[in-house]
Amino acid sequence: MSIDWKQYEPGNFFDELIDPKGRPRTPACKLAKYLGDLDSEELAKRRKMAEATIQEMGVSFTVYTEEGNIDRAWPFDIIPRTISRQQWEKTAAGLKQRLKALNMFIDDLYHEQRILDDKIVPRYLIENSKNFRPECVGISPPHGVWAHICGTDLVRDSDGEFYVLEDNLRVPSGVSYMLENRAITKRVLPELFENDNIMPIDDYPARLFDTLASLSPRRVKQPEIVVLTPGIFNSAYFEHAFLAQQMGAELVEGSDLVVGDDDRVYMRTIGGLSRVDVIYRRIDDLFLDPEVFNKDSVLGVPGLMRAWKKGNVALANAPGAGVADDKVIYAYVPKIIKYYLDEEPLINNVETFLCEDEKQREYVLANLDKLVVKPANESGGYGMLVGPHSTKKDQARFAELIQANPRNYIAQPTLALSTAPTLVDSDNLEPRHLDLRPFILQARDTYCTTGGLTRVAMKKGSLVVNSSQGGGSKDTWIVDTEVK
Amino acid sequence: MMLSRVAERIYWAARYLERVENTARLVSVYDNLLFDLPRSVNIGWFNLVVINSGTELFHERYRIQDERNVVKFTLADDTNPSSMLSSLLLVRENIRTARDVLPAEAWELVNELRLFATHNIQQGINRSGRHAFLNGIIEGCQGINGLMEGTMSRDPAWDFMRLGCNLERADMATRLLDAGAAVLLTSDEDDIAGLEQLVWGNVLRSAGAYMPYRRTMRTAVNGPDVANFLLSDEHFPRSVHFCLERIAAAASHLPKAGKQHRSLKLELPPYSIENDEHLGQAFRDHLNDLQLRLMEVHASIAENWFLHDN
């Protein structure tokens, strides 16, 4: 039996590959035809091949469980998700615009705070923010940029438009999986790359390297760049090692680094201590430097903040950048863009209700069964309420939480997330919901990945795409439909 | 400049990789040897445990010293830190945390080898599939070494691999010779005549040295020549002398960082082997001395490059 797209039923959702009449969308034409020609045996074979490839490549992520940390093979669906190049270029421009404005916002918050004086963003929001770092006031990092690496989550609603769901400005992860997903797909569906115009994505590590190198305090030809990882037990350790390897940078742990009496950072090498210029840190702010933040942190480096404040080392992302990565601040981003750039946002936010506002809170509490409620400062899909999939008990619990700490919660309408055909069982294609996380870089220049990491909820009807919560992923193809 | 922590992990990855291959070789040679031995000869599988210094641990785990238990303990037991699978896991863990300085394919090959080993371990334990299984392991190890040889820059990462690999090889050569000497010392006088050639021939095979020995020594297999070959040959890559030369060469490329380094140039204590008389208990003591010296070499490597007091 081969695939009959007429039988494929995305329902009322926007499907990335197939239109409501069962015809492939333009960027998916060649893919759909190719898949249609594969019989179910061949499809099952390719899927097996993908699983074997993932194990051989050692692509894994760590899940924290009560029994300890488990290293799991990366969950991957072999059917790619396609987007046309024109649409992507528009989206990428919007993402760069957004990051530029967010960086101006952060820089302003740690200097004059004009945006607060002008009452565009309420001052108390910043004063109450868990992620505002008074230690960073008055610091001027290179290029005025604080968030050098941003992972922004996009969703597509039933109208087919992209919306921003959240900005991750602290230590966003997933880009290595984006790259590995492509490497796997090339091995599993090699024929497609011959006759479809799929845009390459593999320049990311080089662009990341350039971004980091441009932050170096020393004007030397080969600045020493390191990736600082919390270590092997971190869920994203695979990615830390992957990026270090791809960039030719050192992968270091806190204990490999030391800050000297000269307030410079050194790493312990086989030839003695050697100066470090740029640290791509994958450790949260609060663990970076036990002298300043969490006193018990063994992950960080004593004195690191001293060295950074003196401009002797660059940190990416800069400490304090997370102040703009807050789901309440998120609601103000369209105004932030307008304020600093005097431009209309090119990508819209999802409608957001702020629980700290009395009227909006009343609405949220009355509609908990329809809304998605999120804490302002969590990531990874933890601590969320998905209204339509929740019990009365869940809703009552969230009502209490919201009333106890309204500043900490926002709510959004339950989105009709777009779908794409996903292999379930061994040879059956069904629609599954997905999102997209592109990665945006900013230092002297800005850059946006060609596509991003597509995450897919593997359970029927589920909207939770996080890999820590049973989500999977797909390769994302930006297809140039205008080249013959 | 390479991180000390990374250097240490590379060094251990190389040591464990060599250990995986050596363990597979050992079991494979035992497999052959025991077919040929007269029944009256009292050496058994348990010698494999003794060679790898696992006697105590073995007795904690098993009561019967039979083939199945010994092979299981040596190849598969994850409570035995020097079992083949344990070593392979440690190769992977060390490479996993030092991936950034190794060729990307090395990581994939190690994963493949580990999958192969864990999926087929039962074949190694049962006698019928053992030969093919062990060959698969040895080829896998050689594939990884070949990849490194063919693609790695001759930078410090390479030198640390060479240090680990050669130290482990030298250590294994002494253990193989000791195993041979032990068998002959514990056998009855009457059996020894035919036994010697068999035992020393298998010692050579364990080290992959049979053909090189024949070509170099141009003589029949006999104890003194085998011992001299594996200890002092200048050209065979698994002789103790050769490995020590390589260790000194690799060390000479590495930075000194203004420290006074302990020398890795190890003078072999003099011990002359001219006839079978010289392969008795004094020989075993000599081998034991050698192993202690090799441990000192390891300590010097650690002190020179892995440890920092800021």
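Bear in mind that the values here come from a model prediction, so they are computed numbers and not experimental data.
Neither the backbone nor the side chain of A:Gln246 comes within less than 4.5 Å of any heavy atom of chain B. Of the two parts of A:Val252, the backbone and the side chain both hold a non-hydrogen atom closer than 4.5 Å to a non-hydrogen atom of chain B. Looking at A:Tyr266, neither its backbone nor its side chain comes within 4.5 Å of chain B, counting heavy atoms on both sides. B:Leu115 touches chain A through its side chain: at least one heavy atom from C-beta onward sits under 4.5 Å away, while N, CA, C and O do not. In this structure, the portion of B:Leu102 lying under 4.5 Å from any heavy atom of chain A is its backbone and not its side chain.
Of all residues in residues 50-59 of chain A, those placing a non-hydrogen atom less than 4.5 angstrom from a non-hydrogen atom of chain B are A:Gln55, A:Glu56, A:Met57, A:Gly58.
Pairing each heavy atom of B:Leu254 with each of A:Ile270, the nearest pair is CD2-CD1, 4.2 Å. The minimum heavy-atom distance between B:Arg9 and A:Glu253, with the atom names listed, is NH1-OE2, 3.7 Å. Here the closest heavy-atom approach between residue B:Thr97 and residue A:Ile232 is recorded as CG2-CD1, 3.2 Å. Across all their heavy atoms, B:Arg96 and A:Ala241 have their closest contact at O-CB, 4.4 Å.
With a 6.0 Å radius and a threshold of 12 heavy atoms from other residues, nucleotides or ligands, A:Met199 has its CE atom above the threshold. Applying the 6.0 Å contact sphere to CD of A:Glu191 captures more than 12 heavy atoms from other residues, nucleotides or ligands. More than 12 heavy atoms of other residues, nucleotides or ligands shown are found within 6.0 angstrom of CD on B:Gln122. For B:His253, the NE2 atom is densely surrounded, since the number of other residues' heavy atoms within 6.0 Å is greater than 12.
Remark: the backbone N or O of A:Thr269 is paired with a side-chain donor or acceptor of B:Ser4 at under 3.5 angstrom.
When the candidates B:Glu105, B:Glu8, B:Glu108 are compared by the number of heavy-atom contacts under 4.5 Å with chain A, B:Glu108 comes out ahead.
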